[in-house]
Amino acid sequence: MTTSSSERSDRGVSLGMPQLPAPAYPDDVRARLETDAREVIARYPDSRSALLPLLHLVQSEEGHVTRTGMQFCADMLDLTTAEVTAVATFYTMYRRRPSGDYQVGVCTNTLCAVMGGDAIFEELQEHLGVGNGGTTDDGKVTLEHIECNAACDFAPVVMVNWEFFDNQTPESAKGMVDDLRAGRPVAPTRGAPLCTFKETARILAGFPDGREGAVEATGGAGHASLIGLKLAKGEAAPARVVHPRGETPRDTPPHEPSPAEHLSSHDAPQDTSASDPAHPSGPVAEEGE
Ligand code: FES
């Protein structure tokens, strides 16, 4: 037995509290989105695989994923609204409420945090007058703390609409959000030029805007990310090994360490009697022996 798209959608909604139907898009908007959605769906062998880009598509229309947008996705993909909602609420890149033109994410994962990310986040909250997830009154900036963006070699990192701003300080981050709010040009450290959140969402839906060339021009990856590749290719000299306890003078010419001298040998666990003479290893004596 088959069910229609609307029947399946209604069944999904009925699992929760009764809800009014989602407001419909205006006809012209719906027609435009349907054209785009069909193009995206055609890229996949199974239509439901297009759900993630379609959620970005509806997010590019309204700036966040609304019930109208989720109903649209359900209709286009023959899914229930419950299925669409489950996905939209799982991934943090989908916003569920109106937010700013620029999503400023401060990485507060371990490395960025200790390198200054926590201080940046604290100072930006005070500077902007908003908490985590809050949006400035002018609707320009939404501040949030984010998880690691695999840019730890440039810590502390701030991302604006998923573009990188490397090696930030509280002062540079405050200056950057001031520029965003004032409409002054702001350029990421690397990658593509900055655009608004809605424009970013449309790119993520699978509609490039020609900025790929700019990425090529600026170089997609920074020096710190490429150094390992250059070492592997022999295009860069190995870093000088500095003994952690300073036993090797800093001006000693570098030499190739033998296996016995390798840092991993130094770091190997030692016998307790060597590492802690006050508590030598050996059988534990029973009381009364
Ligand atoms: S910890 Fe911040 S980018 Fe990895």
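Throughout, residue positions are numbered sequentially from 1 according to the sequence presented. Indexing begins at 1, ligand by ligand and atom by atom, following the structure's order.
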Check whether Tyr44 forms a cation-pi arrangement with Arg38 (NZ or CZ under 6.0 Å from the six-membered ring centre, at most 45° off the ring normal). no
Any Ala155 heavy atom less than 4.0 Å from ligand 1: no
So that I can check it, does any N, O or S atom in Cys107 come closer than 2.8 Å to atom 2 (Fe) of ligand 1? yes
Give the atom numbers and elements of ligand 1 that come within less than 4.0 Å of a heavy atom of Asn109. 1 (S)
Do any of the N/O/S atoms of Cys112, backbone or side chain, fall under 2.8 Å from atom 2 (Fe) of ligand 1? yes
Where atom 4 (Fe) of ligand 1 is the corner point, what angle links SG of Cys148 with SG of Cys152, to 10°? 90°
Would you say the side chains of Tyr25 and Glu34 form a donor-acceptor pair under 3.5 Å? no
Is it possible for you to check whether Arg190 lies under 6.0 Å from the centre of the six-membered ring of Phe164, through NZ or CZ, and within 45° of that ring's axis? yes
Would Arg95 and Gln103 count as having a side-chain donor-acceptor pair, cut-off 3.5 Å? yes
Quick check with a 6.0 Å cut-off and a 45 degree axis cone: is Arg181 positioned over the face of Tyr102's six-membered ring? no
Where ligand 1 meets Asn149 - atom numbers and elements under 4.0 angstrom, heavy-atom basis: 3 (S)
